[in-house]
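Here's the structure, in structure tokens; my notes come after.
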There are 2 protein chains.
Amino acid sequence: MVDHAPAARPATSTDVARLAGVSQATVSYVLNDAPGVKISEETRERVRRAAEELGYAPHASARVLRKGTSDIVLLPLPPFQIGGLFLSWLNDVGERLRQHGHTVVLYGDTRSKGVAAAREWAQWRPAAVIVEAHRLTRAAVRQLYAAGTATVIAIGAEPSPLVPTLLVDDYGVGATAADHLLDRGRTRLAAVVPAEPGLDAWGERRLAGVARTAAARGLEARRVDLPFDEDAAAALAASWAAGADRPDGVFGYNDDYAALLLAALGDAGIDVPGQIAVVGADDQPVARLVRPRLTSVRVTGRLDDDAVAARLHEMIVSRDRDPATVLPVNDFAIAQRDSG
Amino acid sequence: MVDHAPAARPATSTDVARLAGVSQATVSYVLNDAPGVKISEETRERVRRAAEELGYAPHASARVLRKGTSDIVLLPLPPFQIGGLFLSWLNDVGERLRQHGHTVVLYGDTRSKGVAAAREWAQWRPAAVIVEAHRLTRAAVRQLYAAGTATVIAIGAEPSPLVPTLLVDDYGVGATAADHLLDRGRTRLAAVVPAEPGLDAWGERRLAGVARTAAARGLEARRVDLPFDEDAAAALAASWAAGADRPDGVFGYNDDYAALLLAALGDAGIDVPGQIAVVGADDQPVARLVRPRLTSVRVTGRLDDDAVAARLHEMIVSRDRDPATVLPVNDFAIAQRDSG
DNA sequence: TTGTAAGCGTTATCAC
DNA sequence: GTGATAACGCTTACAA
């Protein structure tokens, strides 16, 4: 690439055509490898060289306007609220989607949901919108499909009745922890639900997974609401140290909460895992940094990222809008350590 | 909003005009509050109602094509590689930028840099591009400016020579830790540099901050390369337990690495903070979950998010392209706990 | 094998 | 005050 003098305005395909000595249409044909159009290799080369020379980049909006739809895969997600785990998964899958020719856009909007949000997303004529299930309504989906969006995909812990779902099973986390605890002979189970706005919904689902699994064996699971706060954890540990109604197996919601509880139990003189087994989730670094080391539910991919991206791509090109299409993405394993 | 029958195609401003019984131009005037155009309040109301009725959302691409530039603030960042800390900061600032009328887009591209990347970004005619400094070249900046981008802003630990910089001071983290350790009488300093690709560059800068501060007091700081690995940490702790060349104050890079080291020192029978003080960084939850609790460098905002967003907005509207414009965003404090 | 021309939905410059 | 109308840059059917 030659280092040109600063262009006053970005080069257009007309500029390229002029430089290459061909028509503007030919430029479009060549650069898009238009099928069913025969152009001599020599002309192609001239066009490509001219484009390179001018630093030509096609005007995305003009292209979208003309074609009526973009190749954007829109992810209107608040990127921080979702865990680092999901975020890195998303990045890997995004990378693959890009290789399939999509433009992956994390769209910065947060509060809105329903048809108002859909209208905003629809402005960009995305090929696909992948969004948390709770932000979708029937009208929202309709608006997007009217805007030419090939498919809308919900992210949720259960299948959406409106559109295909990327199933991020959160019940399974709790279920896996419960199975592990029960298999090791624990019978009085408890599950932490974080007392933080935004996290509680996730906590409820993990708790439900624990409860469901316990129920299958004729047992119950107690709910323990816990804010991320040392004093609250100490109070809880003290009440358990006093005896009364102490569980012998606790699922700590995730590794952070489990570690918080673990530290408080230790401070209160309760033996882990002797008196209480503690299991975390997400297999984060902290699990190996506390003593005893934390047993944790590791979330693994059910399909590899390539496969997920390939399925998504397939759904987009085939305009699969069937709510019956459900793509489960995660699976679980126990990372066995010392706490339970 | 009335819940309409499914639209076959998204409503255009022409549809709105027809329904409101006005010309299409009038619709544009009303919805954009065009200055210097007198339109009766009654007409305005009719137009607005028609737009609402039809669920009209202007076609973003058509608007961009016509206006020559978008209101997109493009952040071509891999959202996972950057820490959770920066991510949540970014979200807050993004939210504010949105309130200033910008469309914040995290653009999914990763590998590319230089003019090739710039060309890809320029396709969308963004109003601003905020990107890591190392991905910019002179030609890249030129291409973006030619595409009408109001300003390009670098993110980096030192001011960019090409464009204005959002200064994320990483040296300061190490410097703050070193000051703290030195103030408490430690003299044989060491700093952990994570032996992980991708993290080492950050580690080097934090180390440099420690070294610089130590040097100002006539002392040196030792570099300790450490992978995130229990065995490696144990080996390091064992060598220090053996005596030899043991530091009395260690900066652990961040809380995860500091906690890793802390656990290994404990296992090796070294007293913390008695024999070695350990300081982490980022003030993550883990700092309160380990024993002794971890003293940590807390990264705080130098300006509040509102102010940062306001400055960015100002730079965009004024087309501030002056590399002398530097916006330092973070400041530091010590979260004093038990480890040092 | 290549060129001509229509039209995508907006905004903005003119006449009316 | 309001309504035609001409771009904006591109893709694609059709003409040459």
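Throughout, protein chains are lettered first and strands after them, A, B, ... in sequence-line order, and every chain is numbered starting at 1.
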What is the distance from [atom1] of [X] to [atom2] of [N], rounded to the nearest Å?
| X | N | atom1 | atom2 | value |
| --- | --- | --- | --- | --- |
| B:L31 | C:dT11 | CG | P | 8 Å |
| A:W124 | C:dG9 | CH2 | P | 16 Å |
| B:K38 | D:dG3 | NZ | P | 18 Å |

Below 30° counts as parallel, above 60° as perpendicular, anything between as tilted: where do the rings of A:H102 and A:H313 land?
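A:H102 and A:H313: perpendicular rings.
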Is a salt bridge present between [X] and [Y], judged by a nitrogen-to-oxygen distance below 4.0 Å?
| X | Y | answer |
| --- | --- | --- |
| A:D15 | A:R9 | yes |
| B:E41 | B:R46 | no |
| B:E53 | B:R49 | no |

Could you tell me whether A:V37 contacts a base, only the sugar-phosphate backbone, or nothing, with contacts defined as non-hydrogen atoms closer than 4.0 Å?
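Contact class for A:V37: base.
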Across the strands shown, which category fits B:V22 at heavy-atom distances under 4.0 angstrom: base, sugar-phosphate, nothing?
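Result for B:V22 = sugar-phosphate.
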In chain order, what residues pass the side chain to side chain donor-acceptor pair (under 3.5 Å) check against A:N330, with sequence neighbours excluded?
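Checked A:N330 against side chain to side chain donor-acceptor pair (under 3.5 Å); zero matches.
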Which residues pass the salt bridge (Lys or Arg N to Asp or Glu O under 4.0 Å) test with B:E314, sequence neighbours left out?
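If we apply the salt bridge (Lys or Arg N to Asp or Glu O under 4.0 Å) test to B:E314, skipping adjacent residues, the hits are B:R311.
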Could you encode protein contacts along nucleotides 8-14 of chain D as a string, one character per nucleotide from 5' to 3', using B for base contact, S for sugar-phosphate-only contact and - for no contact, with a heavy-atom cut-off of under 4.0 Å?
BBBBBBB
